[in-house]
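Note sheet for the following structure.
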Amino acid sequence: MKKILNLEKIPIKRNFFYQDTNKVAKDILGKLLIRETSQNMFLGRIVETEAYRGYDDPASHAFRGKTKRNEIMFGKPGVLYVYFTYGNHYCLNIVTEKKGIAAAVLIRSIEPIQGIDKMKKNRGTDDLKKIANGPGKLTKEFQITLNEIGLDVTKKSSYIKIYETNKSEEFKIIQTTRIGIRFAKEFPWRFYIQDNPYVSKK
DNA sequence: ACAGCGATTGACT
DNA sequence: GTCAATCGCTGTA
């Protein structure tokens with residue numbers, strides 16, 4: 001017996017990603033991340049993010065200027081920036097701010113909503129709370145690798161998209177410091193939904 | 001060419 | 001709480 005899900009999905013406009021990266025990181029909480037192909041459908045609610053800005057943020061990959069890896073951060077807002085780290089994990093970001101300005105929002109945690117059986121398989125666990133409560137976990141669950149770099153989440157034809165929904169419950173947002181960085185540890189550029197059980201860390 | 005290390009995770013004490 | 005895994009990117013030469 002499966003519960004019928006009837007979330008309203010409202011396409012997001014590119015304008016949203018032109019804004020300041022911290023505003024995008026905050027306002028994207030509660031929105032829906034979806035991967036939809038003929039094979040699979042994964043749907044989750046974004047519950048934890050971090051902002052990274054190349055121009056004033058020593059923790060950003062783009063702080064020292066453009067390189068082959070980070071050049072997509074300088075490009076069009078609303079497209080995916082994915083990087084590989086620690087020899088093991090991929091991390092998913094969405095580019096923000098206008099072209100020429102390097103900035104992106106790291107999606108750290110997702111609350112699984114739909115496609116959960118396959119999500120569990122991808123992650124090798126039945127524990128719902130551990131499926132996507134971390135940046136490396138959610139990319140494994142959503143099967144996101146470097147192949148997804150440059151996908152435009154505002155485009156209809158894209159198989160990874162962001163939707164707004166008016167069915168989201170009310171929530172409070174906590175703003176705090178980012179995780180796992182060496183520089184700019186004191187910048188309060190991490191955001192998460194208060195008391196949400198799918199957030200990676202309090 | 002090469003040394004150092006990372007926007008992490010999972011296993012272990 | 002601690003720590004190893006693992007490899008591509010980056011800065012320096």
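- No side-chain donor-acceptor contact under 3.5 Å links A:Y90 and A:E148.
- Atom CD1 in A:I162 sits 6.5 Å away from atom CD1 in A:I12 (nearest 0.5 Å).
- Remark: P of B:dG10 and CD of A:E141 are 13 Å apart, rounded to the nearest angstrom.
- Among the heavy atoms of the strands lying under 4.0 Å from A:R123 are primed sugar atoms or P, OP1, OP2 only; no base atom is included.
- A cation-pi contact links A:R178 to A:Y52, judged by a cut-off of 6.0 Å to the six-membered ring centre and 45° from its axis.
- A donor and an acceptor atom, one from each side chain of A:N133 and A:K137, are located under 3.5 Å apart.
- Between A:L146 atom CG and C:dC9 atom P there is a gap of 8 Å when expressed in whole angstrom units.
- Comparing the C1' positions of C:dC3 and B:dC5 gives an interatomic distance of 16 Å, to the nearest angstrom.
- Summarising the geometry, the separation between NE2 on A:H89 and P on B:dG10 is reported as 7 Å, rounded to the nearest angstrom.
- If you check every strand for non-hydrogen atoms under 4.0 Å, A:L106 touches a base.
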Check nucleotides 11-13 of chain B for protein N or O atoms closer than 3.5 Å to its own N or O atoms and list the pairs.
none

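- Across the protein-nucleic acid pair, A:I72 atom CD1 and C:dC9 atom P stand 14 Å apart, rounded to whole Å.
- Checking the phosphate oxygens (OP1, OP2) of B:dA7, no side-chain nitrogen or oxygen of A:R108 falls inside 4.0 Å.
- Although no hydrogens or angles enter the test, the distance criterion places a donor-acceptor pair under 3.5 Å between the side chain of A:T165 and the main chain of A:E8.
- Each of A:D20, A:T96, A:T21 was checked for a side-chain hydrogen bond (donor to acceptor under 3.5 Å, both in side chains) with A:R53, and the lone residue meeting it is A:D20.
- Separation of atoms CZ (A:R69) and NE2 (A:H61) is listed at 4.0 Å; rounding is to 0.5 Å.
- A:R178 comes within contact range of no nucleotide atom at all, as no heavy-atom separation falls under 4.0 Å.
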Could you go through nucleotides 2-6 of chain B and list every protein N or O atom that sits under 3.5 Å from one of its N or O atoms, giving the distance for each pair?
{"unit_1": "B:dG6", "atom_1": "OP1", "unit_2": "A:R182", "atom_2": "NE", "d": "2.5"}
{"unit_1": "B:dG6", "atom_1": "OP1", "unit_2": "A:R182", "atom_2": "NH2", "d": "3.0"}
{"unit_1": "B:dG6", "atom_1": "N2", "unit_2": "A:Y86", "atom_2": "N", "d": "3.4"}

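- What separates CD of A:E50 from C1' of B:dT8 is a distance of 12 Å, to the nearest Å.
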Secondary structure of DNA chain B in dot-bracket form (Watson-Crick or G-U wobble, distances below 3.5 Å, | marking inter-strand pairs): ||||||.|||||.

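- Shown are A:K120, A:K118, A:R123; of these, the side chain to side chain contact (heavy atoms under 4.5 Å, CB included) with A:E141 is made only by A:R123.
- A donor-acceptor pair under 3.5 Å links the side-chain atoms of A:E50 to the main chain of A:I179, judged by distance alone.
- Side-chain proximity of A:N93 to B:dT8, C:dC9, B:dA7: nearest is B:dA7.
- Side chain of A:K121 to backbone of A:D117: no donor-acceptor contact under 3.5 angstrom is found.
- For B:dA7, the OP1/OP2 oxygens have no side-chain nitrogen or oxygen of A:R190 closer than 4.0 Å.
- Screening A:T49, A:V24, A:I46 for a side chain to side chain contact (heavy atoms under 4.5 Å, CB included) involving A:F191 leaves a single residue, A:T49.
- Between A:K137 and B:dG10 there is a side-chain N or O to OP1 or OP2 distance below 4.0 Å.
- Separating the CG atom of A:N70 from the P atom of C:dG11 is a distance of 9 Å, rounded to the nearest angstrom.
- In this entry the distance linking OH of A:Y90 with P of C:dC7 reads 10 Å, nearest Å.
- Going from atom CG of A:N88 over to atom P of B:dT8 covers 12 Å, rounded to whole Å.
- Checking side-chain atoms of A:R35 against main-chain N and O of A:F42 turns up no donor-acceptor pair under 3.5 Å.
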